[in-house]
Amino acid sequence: GTELEVAGEEHVLLKEDDVIGVLPPSDKIAELKPLGDRILIKTAEAEEKSAGGVLLTSQSAEKPNFGTVVAVGAGKKKEDGEMSAPNVTVGSTVMYSKYSGTEFEEDDQ
């Protein structure tokens, strides 16, 4: 995006495709409504012990690449104008690409 200053306040100018979702009035990320074909996933907790029983620090624990679907966008518009709904539903457990997505953290989540 392009950073701007308008009336003394900082703004960012983006294309609609760069907007991930809409936050509710509470501003809780857990209640974010994804746009388009985006999906909000609550990631699984990292293991605290290795398979051999060695305790892992938070930095050495491998981050899991699966989680539970919390919210699903309406889908993607195809070239013919018809909507293509996502293949997953809220509550599904999914595996995702290791380096995909945008990470968010909330104090209570």
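In this text the structure is predicted, and so the values were computed from the model without any measurement. Throughout, numbering of the chain's residues begins at 1 and tracks the sequence.
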Nearest 0.5 Å, please: how far is [atom2] in [Y] from [atom1] in [X]?
X	Y	atom1	atom2	result
H11	E3	NE2	CD	12.0 Å
K28	L23	NZ	CG	12.0 Å
N87	D37	CG	CG	10.5 Å
I20	I39	CD1	CD1	13.5 Å
K76	E82	NZ	CD	14.5 Å

Heavy-atom pair with the smallest gap, counting every atom of [X] and [Y]:
X	Y	answer
G1	V12	CA-CG1, 4.2 Å
G73	P86	O-CG, 3.5 Å
A71	L32	CB-O, 3.8 Å

Can you name the residues that form a side chain to side chain donor-acceptor pair (under 3.5 Å) with T2, not counting sequence neighbours? none
So if you build clusters from Ile, Leu, Val, Met, Phe, Trp, Tyr with side-chain heavy-atom gaps below 4.5 Å, do L35 and V90 land together? no
Looking at K33 and V72, would you say the former's side chain and the latter's main chain have a donor-acceptor pair under 3.5 Å? yes
Could you tell me if the side chain of V69 sits less than 4.5 Å from the side chain of T89, heavy atoms only? no
Got a sec: does the NZ of K15 have more than 12 other heavy atoms crowding it under 6.0 Å? no
